[in-house]
Amino acid sequence: MRLSFIILPLGLSLVACTEPIAGGGLPLMDGYRDPADQCVRVGENEVTNQFLDDSADLVGCPVGYEGTGVFVTETGGVLVAQADGYELYSVPRN
C-alpha cells in the first residue's frame with residue numbers, strides 16, 4: 001500500500017485543528033490597524049494567556065468577517081484559537 005501526503009501551509013493546517021474555547025469574555029481593545037478596524041487587539045485573561053507572546057500581538061477578528069483573508073495576508077497572522085465569536089490570531093511584531 002502506498003501512502004500519499006498533502007503538505008499544507010502552516011496557517012491552513014492550524015485552522016483545521018483549532019477548536020472553539022469557552023471563555024468568560026475576551027478582553028477586547030481598540031482596532032488593530034485602525035480604530036475602526038473590526039479586527040481588534042485582545043488583552044490577557046484566563047483564556048488568552050496561553051496565546052500571548054512577547055514577539056507577537058494577539059488579535060481577534062469576528063468569525064465570518066469577510067476581511068479576514070486580507071488581514072492575514074497583510075499581517076502574517078496565524079490562527080491560534082476561536083473564542084466568544086472571534087478567531088484569535090497571533091500577529092508577529094515587525
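Computed from a prediction, not measured in an experiment: that's the story for all the values here. Below, each value reflects all heavy atoms present in this structure, side chains not excepted, and no hydrogens, waters or symmetry copies.
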### Message
Centroid separation under 6.0 Å, is that true for the rings of Phe71 and Tyr65?
### Response
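For Tyr65 and Phe71, the ring centres are not under 6.0 Å apart.
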
### Interatomic spacing from OH in Tyr32 to CG in Asp37 - rounded to 0.5 Å
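The OH atom of Tyr32 sits 10.0 Å away from the CG atom of Asp37.
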
### Query
Can Leu28 be reached from Phe51 by stepping across I, L, V, M, F, W or Y side chains whose heavy atoms are under 4.5 Å apart?
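Linked, Phe51 and Leu28 end up in one cluster.
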
### Task
Output yes when a side-chain donor or acceptor of Arg93 lies under 3.5 Å from a complementary backbone atom of Asp54, and no otherwise.
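Answer holds: yes.
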
Least distance between heavy atoms, [X] atom then [Y] atom:
| X | Y | answer |
| --- | --- | --- |
| Gln82 | Val63 | NE2-CG2, 3.5 Å |
| Gly43 | Met29 | CA-CE, 3.1 Å |
| Asn49 | Glu46 | OD1-O, 3.5 Å |
| Val42 | Gly60 | CG2-N, 3.4 Å |
| Thr68 | Cys61 | OG1-CB, 4.2 Å |
| Leu79 | Glu87 | CD1-CB, 3.6 Å |

### Task
Starting from the C-alpha separation in whole Å, work towards a yes-or-no answer on side chain to side chain contact (heavy atoms under 4.5 Å, CB included) for Glu44 and Leu52.
CA-CA 7 Å; Glu44 183 175 1; Leu52 295 174; 3.4 Å; yes

### Query
Are side-chain heavy atoms of Pro35 and Asp30 found at a separation under 4.5 Å?
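Contact flag for Pro35/Asp30 side chains = no.
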
### Query
Below 4.5 Å, heavy atoms only, C-beta onward: do Pro62 and Gln38 meet side chain to side chain?
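Side chain of Pro62 against side chain of Gln38, heavy atoms only: contact under 4.5 Å found.
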
### Query
For Val59 and Thr75, what are the C-alpha separation, side-chain angles and deciding distance, and is it a side chain to side chain contact (heavy atoms under 4.5 Å, CB included)?
CA-CA 10 Å; Val59 179; Thr75 65; over 6 Å; no

### Task
Start with the C-alpha distance between Tyr86 and Leu26, add both sets of side-chain angles, then the distance that settles side chain to side chain contact (heavy atoms under 4.5 Å, CB included), and finish with yes or no.
CA-CA 9 Å; Tyr86 283 84; Leu26 292 174; 3.9 Å; yes

### Query
How far apart are the C-alpha atoms of Leu58 and Arg41, what are their side-chain angles, what is the distance that settles it, and do they pass the side chain to side chain contact (heavy atoms under 4.5 Å, CB included) test?
CA-CA 6 Å; Leu58 188 61; Arg41 291 184 316 122; over 6 Å; no

